[in-house]
Number of protein chains: 2
Amino acid sequence: MPIRVNDQIIHKAAWLYYTHGLRQDEVARRLEISRASIAMYLRRAREMGIVTITTSSELFSSDVLARELEDATGLTTAWIVPEDRQAMNPAAEVPEVAASVFLELINKGDRIGVAWGRTVYHIADVMPFADLKGVTVVQLCGNLGAPYSYRPDQCTTEIARRLNAEGVNIYAPLVLSSERLAEELRAEPVIREQLATISDCRLSLYSVGGIEDDSHLVKCGALSADEMHAMGERGAAGVIAGQIIDHNGQWMDCAHNRRCISADLNSIRAIRKRMLVVQEENKFEPLLAALKGGFASHLVVTASMARRIMDRWSRDGLGRSAPAKP
Amino acid sequence: MPIRVNDQIIHKAAWLYYTHGLRQDEVARRLEISRASIAMYLRRAREMGIVTITTSSELFSSDVLARELEDATGLTTAWIVPEDRQAMNPAAEVPEVAASVFLELINKGDRIGVAWGRTVYHIADVMPFADLKGVTVVQLCGNLGAPYSYRPDQCTTEIARRLNAEGVNIYAPLVLSSERLAEELRAEPVIREQLATISDCRLSLYSVGGIEDDSHLVKCGALSADEMHAMGERGAAGVIAGQIIDHNGQWMDCAHNRRCISADLNSIRAIRKRMLVVQEENKFEPLLAALKGGFASHLVVTASMARRIMDRWSRDGLGRSAPAKP
DNA sequence: GCGCCTCGTTGACTTTTGTCAGCATTGATG
DNA sequence: CATCAATGCTGACAAAAGTCAACGAGGCGC
């Protein structure tokens, strides 16, 4: 673009305005020209690269990555836990960040849905204490009777305790032995009401489970390793609130899911602030599925995971929902 | 440093505003806070260097006088700060131009030598923020213990901070009380190594000091006014990196210089890009000496100073030293 | 627990900037 | 020499950004 009116004057205007911080009318007076022209010169200066506006990338690399991730995936906000230069497991910091962020996302009077898992429990464990009277923490999925370290109701209760909020547990098992029973239980007024209020939540917190043999559902005995394996063959990609989702984040029509007492996935999607937290590096595929399924508006991950998402997202040519550059 | 949840929002605002070109009210809506806060965040982002606005310094090198000066003196590039018709002290703009030029001269991975003085400090003070990881800023001369506003290490540190580069200070005084001690200190491995790396610099920044009673060295107590006066009688013309040079820019064999811990003048001359900046009009003679001594490949001066150099240079029949323009 | 201070936030107001139609100048063309 | 097109400049208005007093939530010492 060889549009050069008289770039000397453009340089001069740009210098006075940007470097010296004069106002446009001052520049105009000094250059003895109308202010409108100055405004035009300055636009040209920007277009021509005489002035450059940059946001630091090295210094705030994790922030930049976060912004790029948001732009690519349409997340409202992403928090990236940087790989610390000196060792120290970055994944270990994820719950800390998540807890801190989570707290900030809570508003007065909110109803908050909390799911279940190792990550969620860790977050509960480092959740700062607060005084959030009027806030209600509801359990997003049924309980696992099995004696396992991180029970759904524990997560809910612990978080509610720390926030000094009201905790509401679901008094039902996560998985029942027959579909019929599950259906009947879901129809019970107590349970039904509870599940119905989930879409009223303004914030939810969960991680996404994997479908490996060491996945939660398998470890807790909700599914056998073989069954899980078979699900994998049929296209399962991850677990959200106890329910299995496919690679596009859609509910899978399978025996397990039909036997589950848990939040309807569409209810979860209806929650405005859906905070997804992923610690483990091996949860990449489940995470991807959860993102595609619209289960996250807010995300906390490690930098390496963020980069992997970025890579895959662009490779697969998945659109961006972010605003275009003018 | 704790987890920066607060800076996050500033960065995000800056990103949306500057990178995406959203308007403040759009950013405000997206971040769900008032536009007034966004305006404040953006100011902070600029102050903190999260965003940097830089202006090309071409304006100052496109002057005819600059070309003439380069031709006459053999400088690689000269930047001339014009005397503005309407007021505004041109000398005051010198540091701005210098900072801008300096930034443009830096390449990735460079080692940069920074000397000391009022001018250098002023430059540091208006240096734009940048992201120059891999760049190292080294101090060219020892420190002055005296409580004076502009200490050598401050110059180095501030510039390094702004560039997000590594700063390397010399932990030694500029002047010692005896030659013997200076010699011994110079021989110390730590100091010796540091001084030895100076010729590896690819860029250096300094001004030239005067030898009047109000000169830096005198004001800081490194030399008494009388001593300085005596040096003047003996042919001293200026000060480079704490050391006194004669009218030809040669190192003077004097007690002061022998007591100095500072970059060897030949090391400085070995640096390819030697940026000399002179603000004060009364530094004409020192400047001339510095030029003759080969201490500048890049020069930033006011127009009147440039003209004075031109006059004197032609009067003395000094040809252009070396046509070597790399 | 209570006042006191600090700091972040906001709505309302002011100032600054962006825009665009229309005018002026230049220079090329018939 | 008139005409036309292209370009730059300006005034007036609309839009956006800056500012500030006042408010309120947290933290701290008494």
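Throughout, a chain's letter reflects where its sequence line sits, starting with A, and its residues are numbered from 1. Since the model is a prediction, treat every value here as computed from it, not as a measurement.
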Do the side chain of A:Arg23 and the base of D:dG18 come within less than 3.5 angstrom through a donor-acceptor pair of N or O atoms?
-> no
Side chain of A:Arg35, base of C:dG18: donor and acceptor closer than 3.5 Å?
-> yes
For the residue pair A:Arg46 and A:Tyr41, confirm or rule out a side-chain donor-acceptor distance under 3.5 Å.
-> no
Hey, can you tell me if A:Trp79 and A:His298 have their rings parallel, tilted or perpendicular (30° and 60° cut-offs)?
->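 The rings of A:Trp79 and A:His298 lie parallel, inter-plane angle below 30°.
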Nearest-angstrom distance from the residue atom [atom1] of [X] to [atom2] of [N]:
X: A:Arg29; N: D:dT10; atom1: CZ; atom2: C1'; value: 16 Å
X: B:Gln24; N: C:dT17; atom1: CD; atom2: C1'; value: 12 Å
X: A:Glu32; N: D:dG8; atom1: CD; atom2: P; value: 20 Å
X: A:Ile33; N: D:dG11; atom1: CD1; atom2: C1'; value: 14 Å
X: B:Glu26; N: D:dA16; atom1: CD; atom2: P; value: 8 Å
X: A:Leu31; N: D:dT10; atom1: CG; atom2: P; value: 11 Å
X: B:Met40; N: D:dA22; atom1: CE; atom2: C1'; value: 16 Å
X: B:Asp25; N: C:dG18; atom1: CG; atom2: C1'; value: 14 Å

Would you say a side-chain N or O of [X] is under 4.0 Å from OP1 or OP2 of [N]?
X: A:Arg43; N: C:dT19; value: yes
X: B:Tyr41; N: C:dG8; value: no
X: A:Arg44; N: C:dG18; value: no
X: A:Ser34; N: D:dC9; value: no

I want to verify a distance call: between [options], whose nearest atom is closest to the [X] side chain?
X: A:Ala39; options: C:dG11, D:dA17, C:dG18; answer: C:dG18
X: A:Tyr17; options: C:dT17, D:dA17, D:dC20; answer: C:dT17
X: B:Ala36; options: D:dA17, D:dA12, C:dG11; answer: C:dG11
X: B:Ser37; options: C:dG8, C:dG18, C:dT10; answer: C:dT10

Atom OG in B:Ser34, atom CZ in B:Arg29: separation rounded to 0.5 Å?
-> 13.0 Å
Base, sugar-phosphate, or nothing: which does B:Leu42 touch, judged by heavy atoms less than 4.0 Å apart?
->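 Answer is nothing: B:Leu42 stays at 4.0 Å or more from every strand.
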Verify the ring-centre separation between A:Trp116 and A:Tyr121: is it less than 6.0 angstrom?
-> no
Does A:Arg162 reach the main-chain N or O of A:Met127 with its side chain, forming a donor-acceptor pair under 3.5 Å?
->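 Yes: the side chain of A:Arg162 pairs with the backbone of A:Met127.
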